[in-house]
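All values below were derived from every heavy atom in this structure, side-chain atoms included, with hydrogens, water molecules and symmetry-related copies excluded. Per chain, numbering begins at 1; letters A, B, ... match sequence-line order.
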Number of protein chains: 2
Amino acid sequence: MPYPAKLSPTAILEEARRQLEDGGAEALTMRTLAEALQVRPSSLYRHYPDRAALLAALEDHAVSALHTALVQASSDQSGRAALEAAAHAYLEYARVHPHLYGLLLAPKPPYVAGPGPGKDLWNFVLERVEAITGQRDDTAAAVAVWAFLHGFAVLERSGQFGASGPRGGFERGLSALIDGLSARRG
Amino acid sequence: MPYPAKLSPTAILEEARRQLEDGGAEALTMRTLAEALQVRPSSLYRHYPDRAALLAALEDHAVSALHTALVQASSDQSGRAALEAAAHAYLEYARVHPHLYGLLLAPKPPYVAGPGPGKDLWNFVLERVEAITGQRDDTAAAVAVWAFLHGFAVLERSGQFGASGPRGGFERGLSALIDGLSARRG
DNA sequence: GTCTATACTCTGATAGAC
DNA sequence: GTCTATCAGAGTATAGAC
């Protein structure tokens with residue numbers, strides 16, 4: 001090695017994340033990426049086989065970051081308070097990193113039940129929900145909560161909720177969902 | 001007019017819908033579209049200013065179709081039964097027309113509160129939800145229900161729910177949500 | 001007015017020299 | 001590991017035939 005490598009997978013990933021967060025997935029092209037790294041586009045292919053692999057790596061990063069955020073937000077709480085704290089942290093992550101979050105549930109394989117970091121995230125949600133419903137392996141309830149969280153995040157991202165009321169829909173829906181799910185253990 | 005026009009906006013739209021439903025948004029290119037219509041790509045631009053306009057037209061179609069499906073599914077019912085029937089029809093539409101449905105909530109302007117056919121759809125959901133909660137203009141509750149429906153549709157589309165359990169999450173979540181929302185009028 | 005022909009720019013990706 | 005050179009395919013714009 002006559003000279004240190006200009007590129008490394010992590011350096012590429014960092015710049016890619018920057019461009020994605022700035023301008024969305026469309027703004028992340030191999031050419032702009034190479035230019036920012038002062039390298040020719042084809043050089044990137046020595047570190048990532050194609051653009052899809054780069055996006056997949058970014059998705060893994062997002063899953064881990066989201067998981068960490070949820071754990072931190074709810075670590076010092078339990079029961080309903082823990083689930084609510086995690087839910088707010090979930091929405092907050094989707095707000096702060098909309099394009100990164102947008103990678104998460106693209107029409108692709110899983111992540112629920114898939115190997116990799118997504119499993120931790122799923123298990124975390126499952127545990128928090130189980131604490132509410134009192135049932136073990138309560139997949140149905142966890143799916144319901146996740147669906148609500150994701151749906152609200154997408155609705156919000158797609159523009160409508162202005163300064164007006166609908167934002168209250170999150171608290172309202174979350175409460176209703178938790179009430180309805182936990183009431184079942186009667 | 002010496003000869004009948006080979007193209008018309010509706011003919012283009014029909015073929016575009018076909019290609020979209022077959023292979024998703026990526027498969028719908030101006031070139032393949034022109035080929036199927038036996039025309040040069042640039043001819044399409046006499047009828048639609050650009051590809052985005054075509055997708056917007058397809059989205060309008062999807063909104064109308066979804067609205068119609070919801071109305072038909074719940075027309076002969078009322079109260080909770082009507083909402084549940086509409087919810088199932090919503091999910092069914094997303095299953096049968098995944099790519100068309102995928103156009104609906106792309107990160108774009110509205111459709112809630114926006115002019116055009118989307119408003120009818122929103123108002124319909126709002127009415128059905130109000131019948132449950134007993135409050136007028138209960139935007140928060142309607143947003144909560146819509147978020148759940150959309151979130152579940154996306155989760156399902158992204159692959160995980162195999163033959164196993166999670167499908168029960170829809171009934172479970174819908175019941176819990178309705179219970180929690182209607183209990184509020186105590 | 002409708003469509004054809006052509007070309008421009010941008011994308012992701014590959015082959016082979018060094 | 002990075003380069004040069006090059007490719008095929010995308011969307012799009014314009015000039016002109018009929």
- Between A/T133 and B/R172, does a side chain to side chain contact (heavy atoms under 4.5 Å, CB included) hold up when you go through it step by step? CA-CA 12 Å; A/T133 68; B/R172 183 81 179 284; 4.0 Å; yes
- Sequence neighbours excluded, the answer for side-chain hydrogen bond (donor to acceptor under 3.5 Å, both in side chains) partners of B/S175 is none
- Task: Applying side-chain hydrogen bond (donor to acceptor under 3.5 Å, both in side chains), name anything that partners A/R18, two or more places apart in sequence or on another chain.
- Result: A/E15
- Presence of B/H47 side-chain N/O under 4.0 Å of C/dG1 phosphate oxygens OP1/OP2: no
- OP1 or OP2 of D/dG1 under 4.0 Å from side-chain N/O of A/S43: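 The answer is no; no side-chain N or O of A/S43 sits under 4.0 Å from OP1 or OP2.
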- Taking atom types as modelled, is there a side-chain donor on B/E14 or B/H61 under 3.5 Å from an acceptor on the other? no
- Message: Output one letter per nucleotide in nucleotides 7-18 of chain C: B when a protein non-hydrogen atom lies under 4.0 Å from the base, S when only the sugar-phosphate is that close, - when neither is.
- Response: ----BBBB-B--
- Output every pair passing ring pair (Phe, Tyr, Trp, His ring centres under 6.0 Å) with a member in residues 16-47 of chain A, not counting sequence neighbours, ordered by first then second residue.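 Sorted result for residues 16-47 of chain A: empty, none.
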- Item | Between C1' of D/dC3 and CG of A/L37, the distance in whole Å |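 Atom-to-atom, A/L37 to D/dC3, this comes out as 16 Å.
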- Query: Between B/Y48 (OH) and D/dG11 (C1'), how many Å, whole number?
  - Reply: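 B/Y48 atom OH is separated from D/dG11 atom C1' by 18 Å.
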- With the side chain counted from C-beta on, respond yes when B/T29 and B/Q19 share a heavy-atom pair under 4.5 Å apart, and no when they do not. no
- Applying side chain to side chain contact (heavy atoms under 4.5 Å, CB included), name anything that partners A/A69, two or more places apart in sequence or on another chain. none
- Heavy-atom contacts under 4.0 Å between residues 8-26 of chain A and DNA chain D, which residues? none
- Message: Apply side chain to side chain donor-acceptor pair (under 3.5 Å) to residues B/Y101 and B/H150 and explain how you reach the verdict.
- Response: CA-CA 10 Å; B/Y101 179 79; B/H150 176 62; 2.6 Å; yes
- Minimum-distance nucleotide (side-chain atoms of A/R40 versus D/dT2, D/dC3, C/dC3):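 Of the options given, the side chain of A/R40 lies nearest D/dC3.
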